[in-house]
Amino acid sequence: MRPHSKSGSIGAPVARPSALLCIGQNCAAHAAESGAEPPEQPILFHKSPNTVVGPYDDVLISRGSKKTDWEVELAVVIGRRASYLDSPVDAAAHIAGYAVSNDVSERAFQLEQSGGQWYKGKSCATFNPLGPVLVTADEVGDPQQLRLTSHVNGEPRQDSSTADMIFSVAHLVHHLSQYLVLEPGDIINTGTPQGVALSGRFPYLGPDDVMEAEISGLGRQRSVCRPA
């Protein structure tokens, strides 16, 4: 039976991961719009696991927020313990499947009030809608050939492909396994493409705005922004 969210709709396919790992600036165009050079190795940051909510749950705009932003991402769900993998080729055997993730971010908290860490701007309540489904790795096929899109109030924001990732899914799983132990149910948000509000091209989110995030073959989620 699928879990249900507080709103009574479909809950997240992984309700409370033991770890929610995120990769920053993993698309060259997004790194550029953020004012950064493409990284030479994966940028890892953590997000509180209790940010995960269902794909149709409300997202709460944090008190004092002026710069809440969206980020559609491919979420990798670990299915088998991974530690010190020998090569990226071994990664596939440790992946249960994939889901749509929205790595909602508060940019002022993340970049202006962070003291150098991104955690404050990433771990506000409800800041990681996940789902609607977990699609198994064998059904997805090549995870580097998936289209990612996002919309705000019906207007297009992001439209890209996982082919644009700097570091592939296999590379990320192998790389992370050299530094930490990946457990079944852990989630890796693999990075967002260009087209976020941080770029200056679009306004930040406010109450009653509607975010939609979609990945080909993985479904579409819809979140309404509400004041916290």
Take a 6.0 Å sphere around CZ of Arg226 and say whether it holds more than 12 heavy atoms from other residues, nucleotides or ligands. yes
Apply side-chain contact (heavy atoms from CB on, under 4.5 Å) to the pair Met211 and Ser150, showing each step before the final yes or no. CA-CA 7 Å; Met211 293 183 289; Ser150 66; over 6 Å; no
Polar side chain donor-acceptor pair, Ser48 to Thr51, under 3.5 angstrom: no
OG of Ser87 to NE2 of His171: how many Å apart, nearest 0.5 Å? 12.0 Å
Between Ser223 and Asn102, is there a side-chain donor-acceptor contact under 3.5 Å, judged purely by atom types and distance? no
A quick test of your reading: do over 12 heavy atoms of other residues, nucleotides or ligands sit less than 6.0 Å from CZ of Arg147? no
Looking only at side-chain N and O atoms, does Asp69 offer a donor or acceptor that is under 3.5 Å from a partner on Ser105? no
Of all the heavy-atom pairs spanning Pro55 and Gly11, show the shortest one and how long it is. CD-O, 3.7 Å
Please step through side-chain contact (heavy atoms from CB on, under 4.5 Å) for the pair Leu172 and Val76, ending with a clear verdict. CA-CA 10 Å; Leu172 292 173; Val76 177; over 6 Å; no
Taking all heavy atoms of Val196 and all of Gln158, pick out the closest pair and write down the distance. CG1-NE2, 3.7 Å
Does the side chain of Asp186 pick up a donor-acceptor pair with the side chain of Ser18 at under 3.5 Å? yes
Check whether Val14 and Val181 end up in the same hydrophobic cluster, where Ile, Leu, Val, Met, Phe, Trp and Tyr are linked by side-chain heavy atoms less than 4.5 Å apart. no
Between Glu73 (side chain) and Gly191 (backbone), is there a donor-acceptor pair under 3.5 Å? yes
Going by atom type alone, with no hydrogens or angles, which donor-acceptor pairs under 3.5 Å involve a side-chain atom of residues 132-144 and a protein atom two or more places apart or on another chain?
{"unit_1": "Thr136", "atom_1": "OG1", "unit_2": "Asp138", "atom_2": "OD1", "d": "2.6"}
{"unit_1": "Thr136", "atom_1": "OG1", "unit_2": "Glu139", "atom_2": "OE1", "d": "2.8"}
{"unit_1": "Asp142", "atom_1": "OD1", "unit_2": "Gln144", "atom_2": "N", "d": "2.9"}
{"unit_1": "Gln144", "atom_1": "OE1", "unit_2": "Val169", "atom_2": "N", "d": "2.8"}
{"unit_1": "Gln144", "atom_1": "NE2", "unit_2": "Thr162", "atom_2": "O", "d": "2.9"}

Straight-line distance of Ser177 OG to Asp90 CG, nearest 0.5 Å: 8.5 Å
Please check: side-chain N/O of Lys120 versus main-chain N/O of Leu111, any donor-acceptor pairing under 3.5 Å? no
Whether His175 and Tyr179 hold their rings parallel, tilted or perpendicular, with breakpoints at 30° and 60°: tilted
Full working for salt bridge (charged side-chain N to carboxylate O under 4.0 Å, His left out) between Glu106 and Lys67: CA-CA 5 Å; Glu106 211 299 337; Lys67 296 182 178 181; over 6 Å; no
Would a 4.5 Å heavy-atom cut-off, applied to side chains only, mark His46 and Leu21 as touching? yes
Identify whether Val59 and Val210 are in the same connected component of the hydrophobic contact network (ILVMFWY, side-chain heavy atoms under 4.5 Å). no
Find the distance between CZ (Phe45) and CD (Gln110) and round it off to the nearest 0.5 Å. 6.5 Å
Would you say that Ile23 contacts Ile188 through its side chain, given a criterion of any heavy-atom pair below 4.5 Å between the two side chains? yes
For Phe109 against Cys124, the heavy-atom pair lying closest together: CD1-SG, 3.9 Å
What distance separates Phe167 CZ from Cys27 SG, expressed to the nearest 0.5 Å? 11.0 Å
Under a 4.5 Å cut-off applied to non-hydrogen side-chain atoms, are Trp118 and Ile43 in contact? yes
Below 4.5 Å, heavy atoms only, C-beta onward: do His151 and Arg220 meet side chain to side chain? yes
I'd like to know whether Leu205 forms a side-chain contact (heavy atoms from CB on, under 4.5 Å) with Val152, so could you lay out the CA-CA distance, the side-chain angles of the two residues, the decisive distance to 0.1 Å, and finally the verdict. CA-CA 8 Å; Leu205 296 164; Val152 175; 3.9 Å; yes
Would the number of heavy atoms belonging to other residues, nucleotides or ligands and lying under 6.0 Å from CD of Gln178 be above 12? yes
Output the distance between atom CG (Leu148) and atom CG (Asp164), rounded to the nearest 0.5 Å. 9.0 Å
Counting C-beta onward and ignoring hydrogens, is there a side-chain heavy-atom pair between Glu212 and Glu214 closer than 4.5 Å? no
Classify the angle between the aromatic ring planes of Phe202 and Trp70 as parallel (below 30°), tilted (30 to 60°) or perpendicular (above 60°). tilted
Value for CG (Asp209) from CD1 (Ile61), rounded to nearest 0.5 Å, stands at 7.5 Å
Output, in order, the C-alpha distance, side-chain angles, deciding distance and verdict of side-chain contact (heavy atoms from CB on, under 4.5 Å) for Val52 and Arg16. CA-CA 7 Å; Val52 173; Arg16 188 60 61 86; 5.9 Å; no
Between Asp208 and Asn153, does any side-chain donor sit less than 3.5 Å from a side-chain acceptor? no
Check Pro39 against Ile166 and note the closest heavy-atom contact, atom names and distance. CD-CD1, 3.8 Å
SB check Glu71 Arg107 (cutoff 4.0 Å): yes
Donor-acceptor pair, distance only, cut-off 3.5 Å: does the side chain of Thr126 make one with the backbone of Leu60? yes
Any side-chain to backbone donor/acceptor pair from Gln221 onto Gly131? Under 3.5 Å, distance only. yes
Is there side-chain contact between Val53 and Pro129, with at least one heavy-atom pair below 4.5 Å? yes
Donor-acceptor contact present, side-chain His94 to main-chain Arg81, <3.5 Å: yes
Test item: Ile215 and Leu74 side chains (from C-beta on) under 4.5 Å apart, heavy atoms: yes
Restricting to non-hydrogen atoms, name the atom on Ser101 and the atom on Asn128 that form the minimum distance, rounded to 0.1 Å. OG-ND2, 2.9 Å
Distance-minimising heavy-atom pair for Cys225 and Gly206: CB-O, 3.4 Å
Using side-chain heavy atoms (C-beta onward) and a distance below 4.5 Å, is Phe127 in contact with Lys47? yes
Could you check whether any side-chain N or O of Asn26 sits under 3.5 Å from a backbone N or O of Thr190, counting only pairs where one atom can act as donor and the other as acceptor? yes
